[in-house]
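First comes the structure, then the notes that go with it.
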Amino acid sequence: MRTQTMRRRLLAPLGALAVAALALTACAPGGDTAGGEKKDSVSFALQVGTGPNWILPIAAPDKMATHNSAIKATMWPRLFEYNGVDGAMGWDKKASAADSYTFSDDHKTITITLKDLTWSDGKPVSSRDVEFWYNLVRFNKEKTGGYSEGMIPDNITAFTILDEKTFSLTMDKVYNDEFLLGNQLSLVYPMPQHAWDKTGADGEVGDHDRDQAGAAAVLDYLFAEAKDMKTYATNPLWKVVAGPYTVKSWSDSGQVELTANEKYTGEDKPSIPNVTFLPFTSADAEMNVVRSGDVDYGYITSSQLENEKQFTDLGYRVEPWKGWSITYMPYNFANPQKGAFYKQLYVRQALQHAVDQETISSVIWHGAATPDYGPIPQTAESTSLSDVQKDNPYPFDLDAAEKLFTDHGWKKGSDGTLACVNAGAGVDQCGEGIAAGTKAEIVVTTQNGSQETDNMMAEIQSSLAKIGVKMTIDAKPLDSVLSQAQECKSGSTCTWELVFFGTAGSWYFPPYATGERVFARDTKWNAGQYDNPQAEELVQAMAFSTDPEIGKKYSALLATDLPVMWMPNPVYQVSVVRDGLDVANQDPGASFLPQRWSWTEKKK
Amino acid sequence: MSVVEQAQGAKTKAPNGSRFWWYLLRRIGQGLIVILLVTLIVFALLHLALPEGPAVGVLGMQATQEQIEAFNRENGFDLPVWQQYLNFLGQLVRGDLGDSFKLNRPVADAIGQRLPKTLVLALISMLVALAIAIPMGILQAVRRGKLLDYVLTTWNFVVYSTPSFFLGLILVVVFAQWLHLVPAQAPQGDTVADVLAKPAGLVLPVATAALGIIATFSRYMRSATIDNLSEDYVRTARAKGTSVPVVIRRHVVRNSLTPVIAMLGYYLPVMFGGMIVVESLFNYPGMGLLFWTSAQTSDYPVLLGCIMVIAVATVVGSLLADIIQALLDPRTRGEFS
Amino acid sequence: MSTVTLSAPPTRSPRQRGLRRFLGNRLAVFGIVTIALFLIFCFLGPLVYPTDQVHTDLKSTMLPPGAAGHPLGTDDVGYDVLGRLMVGGQISILIGLAAGVLATVIGTLWGAIAGYVGGAVDAVMMRVVDAGIAIPATFLLLILSAIMRPSVPLMIIVIGFVSWLVPARLVRAESISLKSREYVLALRAMGGTHSRAVLRHIVPNTVGTIVVNATFQVADAILLVAYISFLGMGLQKPATDWGAMLTSGITYTYAGAWWLIFPAGVCIVLTVCAFNSIGDGLRDFFDVKGRNA
């Protein structure tokens, strides 16, 4: 009897093993997956492209991918960590190195107090470490990725260490609080000066960073070490961390494994000790791995949303990851033939009324896009989002659109296209620079390669046709679109009218969404040369005004003045998350904080 | 069909003896000119279509003007096009295919890692296809006009007329999705060993590639065999009393194989071309998929590198094919038994 | 003793014999019938079954076949699939025919001139052809897709330029063998120009090869139209062709939207098959390459 029971007991698990093995051989994909059968690990699928390839907090200009910056922040917390993991885009104190700050009376000096964090070798994180970063960057500006002239660290006139945990920065002018903290100081990483401040592997640690030559030598040394990805897990330099994680392994194909930092002294302790980042060469490859259940936190293309069930049946839930971005089509106000047409506000308003953002987002993008009515990203709460923008000043209304044209001297011709019959600059006339007989025809230069974008353009073309505006679509590869958008500035030809490069979001913003790189008069990506003095004032003021409402004013003006045609904003990715894994709110800034993820129940 | 015509139109028989070496030299010279023309065509396409270069595409829109200028300086995009071309040729002669923009490694490295896997897939597909196509062609020729011939001809027509990605899709839906017999994705991995370790994943890619090859080659084998069956020497052999199967085995097959082998050399570019579709459909980590992703990310050095590899392979392949044909063809060698 | 009268078999002209062979080739006949049916379907169909292929209808997207008014369902922006097949077919067949003809014309002239002139000119011209063959068509198309998104005329040119290499080779071979024929030598002796020789004698005598090859070119062109969409160079909506329909449909494979995939795919297969069969039959008709192919 005993032997029989034993045999039965053995057979059951053996049988299960055989079935599982069979299933695995039938559906198993290739080697790079770390399914994580244990509760103490989680696997995350990286977006397609170059894998994580830089560990040093100061990045070379071509090593600034978001995943690089997110991974290093788990080891070297930023001075001010700004993200939207709580649902609102703001200061994430728990993940920051700074504990508090105060401004001086003239608002030009900010005194910052650090938290009681300790480096993994026992030394405390101190003001000297912040100064170390500051010195390296200011003496090596051109080598540093993300450096922009006039911005940090150029705008710091004095760095004063008050004590081990307190220091103050004197800025060159008064800055808006959100701008200073969210866009400038959020780029600062305290770095272990006591371990890294040397010029060679066998060099002495000293205050080399305090002069130009020394700082250059130190950065060269650190860059050289950082170029050797194979040693990321073993090099003693990279073992000096203050954040919740440290590197366990890092392959040059992009697979990275992090493990919990045992010496972490902060309050942002990770729930899941082991995190694996998996690289993929294509979205299809990644989706196949999702389908075989070998990744915990992955993504799918938006067209798969048509059949969510295939993933929910496998034990995933679908969570679109909205990005901190806006999507739009610039109008070319500098176009010699059509500039005058687009300069008329009523024209832009009519065109905006013809874009059914809600339906396009839910049907064409299958829910993987959200409406965007103005210059401030609407994918998380923020202090800059005005109600005017949020409530959509130009809802989808074909009658209103047509009426705007007919009220201004346009009439539908026999071919169904509106033509200007009442030319002139009067109140109910077409407007200055628009000759009589001009037809309402627009040309949209858009990027190809995306079915959703193609469909969206076909839909807008269809709506516009209904009100009498003839839209021609000129689709080209993204590179051509981007270079055509710049052609008016170099003076050769100037033929484009509207241009679209927003299949993956037109513009991603820093935490405080200032528009100086997109809507300021002379900036490169104000491709259509939008020029409104009132807007210009607000764009500049956003960085320098202490008015807490300045963002909202900017938001309201641009939402109504339509420097561009606002378009549905595609999500950053459509995530699929295994049931039982809580990933908090997905950061619109496209960063990830694995220390906030947790398994809420036993994995099946 | 077209490839058949192509090879037939191209046949130039290799002579024997000392003239052979002159012939070889001449062919190598021609090959070099061809390779040069290839570089010209592709370089022109890439650089003239986008005069400012791929800087913005590679670095992203958020790149500052300084970053773009640095990129252009580093990669020579600030030089005039003809100078860039000469630099490129200079690099090629030294065997340097340049560095990839997006992959963080030299092009030769990236191709070197991917090419063997594509070759393995191509080789397996070719062997499987020929193993089926050659007997099929002979069978069709022998049973010419009968039902079997019609059925197989029709089948081959249909396969030949189907876009390979559609064919592959049908195979995936039927065999992977519905019947769960094989995985929908090819095995992943960096080395050939990784890929061969999971043969189940190779079934569908090989099947998709092989079906197309079978359609072409069996047809060709059929017509070559029919031609040979009516040749004088066959009638003579039969008159001598040798039975039909023996005749086929001893003479017809050998003579029919010759043009087929000749065609293999010219089939190389078609083979590679087909690999793009098969590899992207099944996510097979070979050179075709590398080319595909590089085209989408404007990774010009990789694109140029892949084309050069294929061009060289084609030139060498067609030369070998002609030589082998000369060696095999008994009529050229002036003997038959 | 009985007398057996032997009557000579009725003599037929080569044309009649060719026609007999053509009609005897059942696949060829099937080909002609299929093409005729498709032409009627694509060009006359919209008159009988008009659909709006320009305006989207976001309220009726992804409807399966059998939904009200949509026998083959709708696609992801609401276009009726059956109507779209007709419109797409017009473009596919148009591009196929035009590109096939273009490839044949360019290839024929190139090959005829190269073969006739011979020498260095021939060598250079053929090296260009070799270079074209050494770059696989799909690779070239993929590079082009990174550079442009074509319109219908541009697609015809692109496909034509990828396909002219084969006719060039063929015609050159024929041209070489023809140029030493007596009537050409006679023409030259009488003072005829080279171009007269090429146009009046070489080209017409290769007509058989050319026409057969042209038919295969059309078949290949229609296939290439499908590949072009797959490689990312498809037409911008609302214009479409079968290849674009097939490629868009494939993204919905796992959603089970078979009506977006198979109708277009089957149309491509049938049409290409038909042209290939006709080409095969024409080969019998012209007695090209012997009676054997």
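Throughout, protein chains are lettered first and strands after them, A, B, ... in sequence-line order, and every chain is numbered starting at 1.
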Legend entry - Leu144(C), part contacting chain B, at a heavy-atom distance under 4.5 Å: side chain
Legend entry - Interchain contact, Leu268(B) with chain C, by part (heavy-atom threshold 4.5 Å): neither
Inset, instruction - Taking the side chain as every heavy atom from C-beta outward, state whether Asp280(C) and Arg219(B) have any atom pair closer than 4.5 Å. - result: yes
Inset, instruction - Return the minimal non-hydrogen interatomic distance between Leu37(B) and Ala131(C), and the atom names on each side. - result: CB-CB, 3.6 Å
Legend entry - Heavy-atom proximity to chain B below 4.5 Å, by part of Val128(C): both
Legend entry - Portion of Val42(B) that has a non-hydrogen atom of chain C nearer than 4.5 angstrom: side chain
Legend entry - Region of Leu142(C) that comes under 4.5 Å of a non-hydrogen atom in chain B: both
Legend entry - Engaged part of Ser280(B) at the chain C interface, taking heavy atoms whose separation is under 4.5 Å: side chain
Inset, instruction - Establish, yes or no, whether a centroid distance under 6.0 Å links the rings of Phe262(C) and Phe166(B). - result: yes
Legend entry - Ile133(C) CD1 to Thr314(B) OG1 distance, which is reported to the nearest 0.5 Å: 9.5 Å
Legend entry - Ile310(B) and Pro136(C), any side-chain heavy atoms less than 4.5 Å apart: yes
Legend entry - Sole candidate of Val269(C), Val272(C), Asn276(C) that passes side chain to side chain contact (heavy atoms under 4.5 Å, CB included) when paired with Val158(B): Val269(C)
Legend entry - Best-contacting candidate, Ile268(C), Leu246(C), Thr253(C), Thr247(C), against chain B by heavy atom pairs under 4.5 angstrom: Leu246(C)
Inset, instruction - Sort out for me which of Gly232(C), Ala274(C), Cys273(C), Gly279(C) touches chain B most, counting heavy-atom pairs under 4.5 Å. - result: Cys273(C)
Legend entry - Ile135(C) and Pro269(B), any side-chain heavy atoms less than 4.5 Å apart: no
Inset, instruction - For Pro163(B) and Leu223(C), work out which heavy atoms get closest and say how close. - result: N-CD2, 3.6 Å
Legend entry - Region of Leu140(C) in contact with chain B, defined by heavy-atom distances below 4.5 Å: side chain
Inset, instruction - Mind ranking Ile33(B), Leu303(B), Leu169(B), Leu36(B) by heavy-atom pairs under 4.5 Å with chain C and telling me who comes out on top? - result: Leu169(B)
Legend entry - Ala137(C) portion near chain B, given a 4.5 angstrom heavy-atom threshold: neither
Inset, instruction - Find the distance between CZ (Phe30(C)) and CZ (Phe157(B)) and round it off to the nearest 0.5 Å. - result: 10.0 Å
Legend entry - Approximate separation, where rounding is to 0.5 Å, of Ile143(C) CD1 and Ile307(B) CD1: 4.0 Å
Legend entry - Distance (rounded to the nearest 0.5 Å) between Phe139(C) CZ and Ile276(B) CD1: 4.0 Å
Inset, instruction - Sort out for me which of Ile261(C), Thr138(C), Thr271(C), Leu165(C) touches chain B most, counting heavy-atom pairs under 4.5 Å. - result: Thr138(C)
Inset, instruction - List the steps, then state whether ring pair (Phe, Tyr, Trp, His ring centres under 6.0 Å) holds for Tyr227(C) with Phe165(B). - result: CA-CA 8 Å; Tyr227(C) 277 103; Phe165(B) 58 92; 5.7 Å; yes
Inset, instruction - First locate atom CG of Asp130(C), then atom CD1 of Ile35(B), and finally report the distance between them rounded to the nearest 0.5 Å. - result: 11.0 Å
Inset, instruction - Check Ala134(C) against Val38(B) and note the closest heavy-atom contact, atom names and distance. - result: CB-CG2, 4.2 Å
